[in-house]
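In what follows, every heavy atom counts, from backbone to side chain, and hydrogens, waters and symmetry copies are set aside.
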Amino acid sequence: MWTFVGAGAKRFEESRRNMADVMASRVDWIKAAVAEFRPEKNCVVTQDGKTISYDYLVVALGIQLDFGKVKGLAEAVGKNCVSSNYCPDTVEMTWKYLQDLKGGNAIFTFPNTPIKCAGAPQKIMYLADDLLRKKGIRKDVDISYYSALPVIFGAKKYAATLGEVAKRKGINLNFRNHLVEVKADSKEAIFENLDTKESKTVKYDFMHVTPPMSPPDVVKGSPLSDCGGWVDVDKETLQHKKYSNVFGIGDCTNVPTSKTAAAVAGQAGVLRKNLLAYMKGLAMTGKYDGYTSCPLPTGFGKLVLAEFDFDAEPLETFPVDQGKERRAFYVMKKDMMPFLYWRSEER
């Protein structure tokens with residue numbers, strides 16, 4: 001939803017609720033963050049020093065934003081015409097800066113790390129293009145996309161459409177380039193080419209940054225992590241590869257699919273089925289197929305609904321070509337999905 005908040009199409013307040021209001025009544029809510037995992041002893045230690053034992057553990061810690069890994073970014077974001085829809089403190093600044101923009105260079109970035117919602121860096125770019133056209137100043141703004149990836153999107157079917165969208169909108173695509181420094185005082189962004197290692201300095205008048213991301217610090221180096229710091233689970237059963245009574249779900253795991261809310265929804269049913277079977281001493285028959293989804297608005301009133309599996313092959317829900325821009329998908333994403341999320345998904 002924060003893409004729409006950054007584009008002025010949704011209010012920030014619509015995107016949040018009090019935790020107490022969405023917590024199931026049968027849950028014993030421990031209001032303390034985990035500080036250490038001790039799976040050999042079947043317990044965790046919280047930040048306030050308490051040790052909590054468990055019979056079964058599900059790790060669902062999400063992913064960590066690392067603004068500090070880009071020199072000057074943490075100091076610049078939220079001011080100096082630099083924003084990020086990934087942060088609650090800065091998402092509304094995207095809308096402000098787009099309103100204030102009169103001309104010059106608008107830059108959108110994708111980092112050299114795994115991220116959550118890999119389509120988001122370009123979603124806001126397409127909506128920004130529409131906004132600038134409505135203001136009548138698109139001809140005065142040069143829009144550039146700097147991505148560490150070698151392609152515009154990982155699933156070929158949808159990449160073909162998005163490439164045409166970028167071409168139609170006159171957006172400059174710069175692949176295999178990642179942001180390494182922000183010089184806020186001079187409004188300069190420095191990018192490094194991942195293949196040649198050459199640096200390039202680009203002036204900006206507005207920049208939307210997707211920060212580098214990583215596993216939560218509490219997972220990195222813990223007994224539960226793989227060599228990359230992610231919770232090490234079987235990609236189909238979601239059971240930990242070493243500790244059989246531990247399961248993982250979502251962005252914090254090393255499941256090789258795009259990290260999205262749709263992926264979590266797809267994994268949730270599998271985890272529930274397998275955890276219950278494990279608790280009863282039965283064979284685990286649930287298998288996650290890598291399903292993930294990325295609804296990509298290509299403008300106000302248009303959206304490509306990407307759905308795919310582990311192999312980036314389409315795994316579509318509707319009996320139409322979801323690689324085409326459609327208004328119905330836009331309405332579903334903008335208005336129906338938030339309603340369904342708050343009414344049912346979290347329950």
Side-chain angles (χ1 to χ4, degrees), residues 1-4 9-10 60 62-63 85-86 110 114-127 147 149-166 210 213 233-238 248-273 286-346:
M1 187 190 287
W2 283 355
T3 290
F4 292 114
K10 285 282 188 180
I63 199 168
N85 286 351
Y86 279 89
F110 189 113
I115 66 170
K116 56 183 175 180
C117 193
Q122 57 186 294
K123 294 178 187 181
I124 185 59
M125 178 173 66
Y126 300 138
L127 295 179
S147 172
L149 300 178
V151 292
I152 196 167
F153 198 73
K156 288 184 179 180
K157 173 178 180 176
Y158 311 108
T161 300
L162 297 172
E164 288 300 316
V165 170
T210 301
M213 302 182 198
V233 298
D234 180 278
K235 71 176 187 179
E236 293 184 333
T237 66
L238 305 178
I249 187 171
D251 297 353
C252 67
T253 72
N254 59 359
V255 174
T257 194
S258 186
K259 298 179 183 298
T260 67
V264 174
Q267 293 166 19
V270 174
L271 189 150
R272 184 185 304 112
K273 183 177 183 178
K287 288 190 175 182
Y288 176 55
D289 58 9
Y291 171 80
T292 190
S293 177
C294 186
L296 293 135
T298 54
F300 291 100
K302 294 179 290 185
L303 186 140
V304 171
L305 183 56
E307 293 182 294
F308 49 97
D309 61 15
F310 280 131
D311 300 316
E313 292 297 323
L315 200 61
E316 298 181 345
T317 301
F318 299 97
V320 295
D321 183 358
Q322 294 180 202
K324 291 185 177 181
E325 300 168 271
R326 298 181 186 274
R327 179 172 181 79
F329 290 156
Y330 179 87
V331 174
M332 181 180 72
K333 167 62 178 174
K334 177 176 174 290
D335 300 318
M336 294 177 63
M337 285 185 175
F339 175 83
L340 292 173
Y341 176 82
W342 290 120
R343 294 297 185 274
S344 62
E345 197 72 282
E346 80 217 350

Which atoms form the tightest heavy-atom contact between [X] and [Y], and what is the distance?
| X | Y | result |
| --- | --- | --- |
| Ala118 | Ile115 | CA-CD1, 3.7 Å |
| Glu316 | Gly323 | OE2-N, 4.1 Å |
| Thr210 | Pro121 | OG1-CG, 3.2 Å |
| Leu127 | Phe300 | O-CE1, 3.5 Å |
| Tyr86 | Cys117 | OH-O, 2.8 Å |

Approximate separation, where rounding is to 0.5 Å, of [X] [atom1] and [Y] [atom2]:
| X | Y | atom1 | atom2 | value |
| --- | --- | --- | --- | --- |
| Thr3 | Lys334 | OG1 | NZ | 13.0 Å |
| Ile124 | Trp2 | CD1 | CH2 | 13.5 Å |
| Phe110 | Gln122 | CZ | CD | 8.5 Å |
| Leu305 | Phe318 | CG | CZ | 6.5 Å |
| Lys10 | Asp335 | NZ | CG | 4.5 Å |
| Leu162 | Lys123 | CG | NZ | 11.0 Å |

Exercise. Regarding Lys157 and the six-membered ring of Phe308, is the cationic atom NZ or CZ under 6.0 Å from the ring centre and inside 45° of its axis?
Worked result: no
Exercise. Are any non-hydrogen side-chain atoms of Cys294 and Tyr158 less than 4.5 angstrom apart?
Worked result: no
Exercise. Got Tyr126 and Pro297 here, is their nearest side-chain heavy-atom distance under 4.5 Å?
Worked result: no
Side-chain donor/acceptor pairs under 3.5 Å, residues 259-266, sequence neighbours excluded:
unit_1	atom_1	unit_2	atom_2	d
Lys259	NZ	Asp251	O	2.9
Lys259	NZ	Thr253	O	2.9
Thr260	OG1	Ala262	N	3.4
Thr260	OG1	Ala263	N	3.0
Thr260	OG1	Thr292	OG1	2.6

Keeping [X] on the side-chain end and [Y] on the backbone end, is there a donor-acceptor pair under 3.5 Å?
| X | Y | answer |
| --- | --- | --- |
| Lys324 | Thr161 | no |
| Gln267 | Gly250 | yes |
| Asn254 | Val233 | yes |

Exercise. Can you list the steps and then say if Phe329 with Val304 is a side chain to side chain contact (heavy atoms under 4.5 Å, CB included)?
Worked result: CA-CA 7 Å; Phe329 290 156; Val304 171; over 6 Å; no
Exercise. Passes side chain to side chain contact (heavy atoms under 4.5 Å, CB included), Leu271 versus Tyr288? Steps please.
Worked result: CA-CA 9 Å; Leu271 189 150; Tyr288 176 55; over 6 Å; no
Exercise. Hey, mind stepping through Val270 and Thr237 against side chain to side chain contact (heavy atoms under 4.5 Å, CB included) and telling me if it holds?
Worked result: CA-CA 7 Å; Val270 174; Thr237 66; 5.9 Å; no
Problem set entry | Pairs satisfying side-chain hydrogen bond (donor to acceptor under 3.5 Å, both in side chains), at least one member in residues 293-311, at least two apart | Tyr291-Glu307, Thr298-Glu325, Glu307-Thr317, Glu307-Gln322
